[in-house]
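A short write-up of the structure that comes next.
Just so you know, these numbers use all the heavy atoms, side chains as well, and skip hydrogens, waters and symmetry mates.
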Amino acid sequence: MKELFESVNSILTFVGPLSDFFWDFPTNFAFYKAIPILGNFSLAVIVLFGAGIYFSLRLGFIQVTHFRSGIRMMVHRRTAQTGISPLAAFFLSSAMRVGPGNILGVTGAISVGGPGALFWMWVSAFFGMAVAYTEATMAQLFKEKKDDEFVGGLPFYGRRLLGNRVWVGVLLSCVYIFYALMCLPAQGFNVVSSVGAMAEILTGGKIATTSALYWIVAAIVVIGTGVIAFGGIRKVTKVTDRMVPVMAVVYCATVIVLILANVDSVPYFFRAVFSGAFTPEAVFGGAFGTALVQGVKRGLMSNEAGQGTITMAAAAADAKHPCEQGIVAALGVFLDTHIICTMTGFIVVMAHVWTTNFAAWDKAGKLPKFLMSVQQMTPAPGFHAVVLFLLTLCFCLFAYTCLLGMISYSEIAGNRISRNASFINLIRVTGLVVAAFGILVNIAGYDLGNLWAFSDLANIVIVYFNVPLLFIGAHYVLKATEHYRQTGGESFTGAVVGIRSDYWDGKDKD
């Protein structure tokens with residue numbers, strides 16, 4: 001088995017460098033790097049930042065003006081006869097957004113770009129809220145009804161915007177499904193490894209990954225995920241409706257306790273973040289561009305604004321007006337980055353292990369860096385086990401909801417290729433098998449690092465597919481937004497924005 005993993009890992013050695021090339025392009029060329037100021041910004045940063053600023057300006061900073069109305073929409077629970085409720089769609093999208101990247105991504109960004117990377121993560125997420133609003137609203141505009149569910153998102157609006165060409169929808173569906181399949185092994189790995197870590201905390205001893213515990217947990221995860229996935233989107237949302245609030249509250253509450261226990265370091269946190277955003281410490285390279293790029297890159301991997309990957313959940317909602325779900329999607333970015341990621345930032349920056357034990361910090365991976373920071377902030381040795389258990393539990397839930405989300409989104413995307421039940425079941429089974437592969441990697445005690453690099457590569461590739469589509473369809477979103485502001489979200493039809501829609505025109509509402 002280990003020989004198989006080593007073969008796969010060696011075949012995929014090109015993934016990491018290829019991912020870095022796409023993220024850094026064209027800053028990896030000397031002539032561009034030599035350009036004052038501009039040479040610090042990669043195309044990825046320009047595209048994401050530029051799109052966020054553009055849509056924020058064109059939409060009148062809707063992420064600010066309609067923030068409170070979005071909160072009211074989520075607080076006001078309502079049932080949905082077709083599809084899922086806007087709140088359920090919010091939790092389903094958060095299941096994907098609030099993943100291990102909220103811990104590993106933030107820690108990695110700070111370890112490379114310094115505390116200032118967190119500032120740029122906030123800035124990119126603020127503008128990213130407008131991008132999330134745009135793509136979610138577009139997903140609603142072009143959604144389609146399938147039995148008692150809605151299907152839509154990137155493959156659907158991509159096809160409609162590019163001349164209703166079948167091959168466009170199929171290509172975009174394949175791009176997303178491939179992305180999900182490449183990310184699923186890491187989530188399966190993270191779920192089982194975190195359960196094992198919790199068991200070690202409770203027993204106080206080391207547990208071999210080949211032990212019966214790991215095999216039993218693996219079986220439960222695969223079977224449980226299969227039962228949920230084969231129950232369809234509604235069954236998945238019943239799980240995410242419960243898990244997302246619990247993991248968010250437990251994580252934030254645990255971190256707040258640590259912050260209060262180290263309240264004297266709070267001024268250091270804000271000083272380090274704001275000063276490091278423009279003048280990073282030498283230990284992090286001292287380059288302004290590094291802090292900015294890390295903040296934007298890891299912010300995207302966490303909140304997914306601009307990727308189009310949360311649009312499948314947005315389309316599944318039974319919204320009264322397309323813009324409703326756009327506003328809710330914008331709040332998802334706020335929850336993910338400005339709240340959850342900031343909690344991780346507090347731990348890593350306030351502990352600032354790099355100033356007390358740089359040798360250990362420099363050699364450690366992302367998760368060990370985070371755990372070292374947690375230990376530094378824990379006031380008493382006895383309390384450390386409790387904190388560590390709660391944070392590991394959250395990491396486990398982050399990974400599991402992400403796993404569920406990827407399989408569910410792949411199913412929705414697959415509907416653009418075929419709505420045949422056998423084909424949809426094939427996607428579900430494939431997702432389970434690939435996740436199980438990641439679990440086997442963990443049990444074998446092997447780290448398939450090059451396969452994990454696919455998530456970095458897939459993130460930026462999907463951005464380059466999705467963001468141009470958002471600009472192409474921007475006028476539809478602007479017209480819908482104007483109608484929403486004028487009517488308060490009443491009597492929307494496709495004619496408002498100049499499209500034909502069986503659902504919004506009433507043909508599929510019966």
Side-chain angles (χ1 to χ4, degrees), residues 12-57 101 105 108-114 116-128 130-131 134-135 154 158 162 171-172 175-176 178-179 182-183 276-280 282 284-309 337 449-450 452-472 474:
L12 298 176
T13 51
F14 72 93
V15 177
L18 184 63
S19 172
D20 291 339
F21 176 83
F22 276 110
W23 269 105
D24 297 337
F25 178 84
T27 60
N28 32 29
F29 292 98
F31 77 90
Y32 182 85
K33 190 73 173 176
I35 301 174
I37 301 178
L38 181 63
N40 290 309
F41 301 98
S42 67
L43 179 62
V45 170
I46 293 171
V47 167
L48 290 166
F49 244 82
I53 294 171
Y54 174 82
F55 287 117
S56 295
L57 292 172
I110 294 172
S111 65
V112 176
L118 188 61
F119 172 84
W120 294 113
M121 199 176 289
W122 292 336
V123 173
S124 65
F126 172 76
F127 290 112
V131 179
T134 302
E135 59 188 3
L154 172 60
L162 297 178
L171 173 64
L172 292 174
V175 167
Y176 178 77
F178 179 76
Y179 157 78
M182 291 302 100
C183 294
F278 302 97
T279 55
F284 300 108
F288 160 73
T290 302
L292 189 150
V293 170
Q294 286 299 315
V296 175
K297 181 178 179 180
R298 296 303 166 183
L300 166 68
M301 285 194 66
S302 179
N303 63 54
E304 303 191 31
Q307 281 185 254
T309 49
T337 304
N450 287 327
W452 290 7
F454 256 114
S455 60
D456 254 358
L457 177 60
N459 276 324
I460 193 58
V461 169
I462 290 182
V463 165
Y464 288 143
F465 273 103
N466 185 57
V467 173
L469 292 173
L470 300 186
F471 282 100
I472 293 171

Derivation and outcome, side-chain hydrogen bond (donor to acceptor under 3.5 Å, both in side chains), residues N466 and Q307: CA-CA 6 Å; N466 185 57; Q307 281 185 254; over 6 Å; no

Nearest-0.5 Å distance, CZ of residue F25 to OG of residue S42: 10.0 Å

Straight-line distance of I462 CD1 to F178 CZ, nearest 0.5 Å: 10.0 Å

Interatomic distance, L48 atom CG to I460 atom CD1 [nearest 0.5 angstrom]: 5.5 Å

T337 side, atom OG1; W122 side, atom CH2 - distance, nearest 0.5 Å: 11.5 Å

Nearest heavy-atom neighbours spanning L172 and G158: CD1-CA, 3.7 Å

Nearest non-hydrogen partners of P468 and V463, listed with the distance: CD-O, 3.9 Å

Shortest non-hydrogen contact between A130 and G52, atoms and distance: CB-O, 4.2 Å

Least distance between heavy atoms, M121 atom then A109 atom: CE-CB, 3.9 Å

Any Y464 side-chain heavy atom under 4.5 Å of L43 side chain: yes

Ring pair (Phe, Tyr, Trp, His ring centres under 6.0 Å) between F55 and F127, worked out: CA-CA 8 Å; F55 287 117; F127 290 112; over 10 Å; no

For the student: nearest non-hydrogen atoms of A51 and V467, plus distance: CB-CG1, 4.0 Å

Y54 and F471, any side-chain heavy atoms less than 4.5 Å apart: yes

Centroid-centroid under 6.0 Å between F278 and F119 rings: yes

Full working for side-chain contact (heavy atoms from CB on, under 4.5 Å) between F465 and Y176: CA-CA 10 Å; F465 273 103; Y176 178 77; over 6 Å; no

Y32, OH atom: more than 12 neighbouring heavy atoms under 6.0 Å: yes

Heavy-atom side-chain proximity of L469 to L162 below 4.5 angstrom: yes

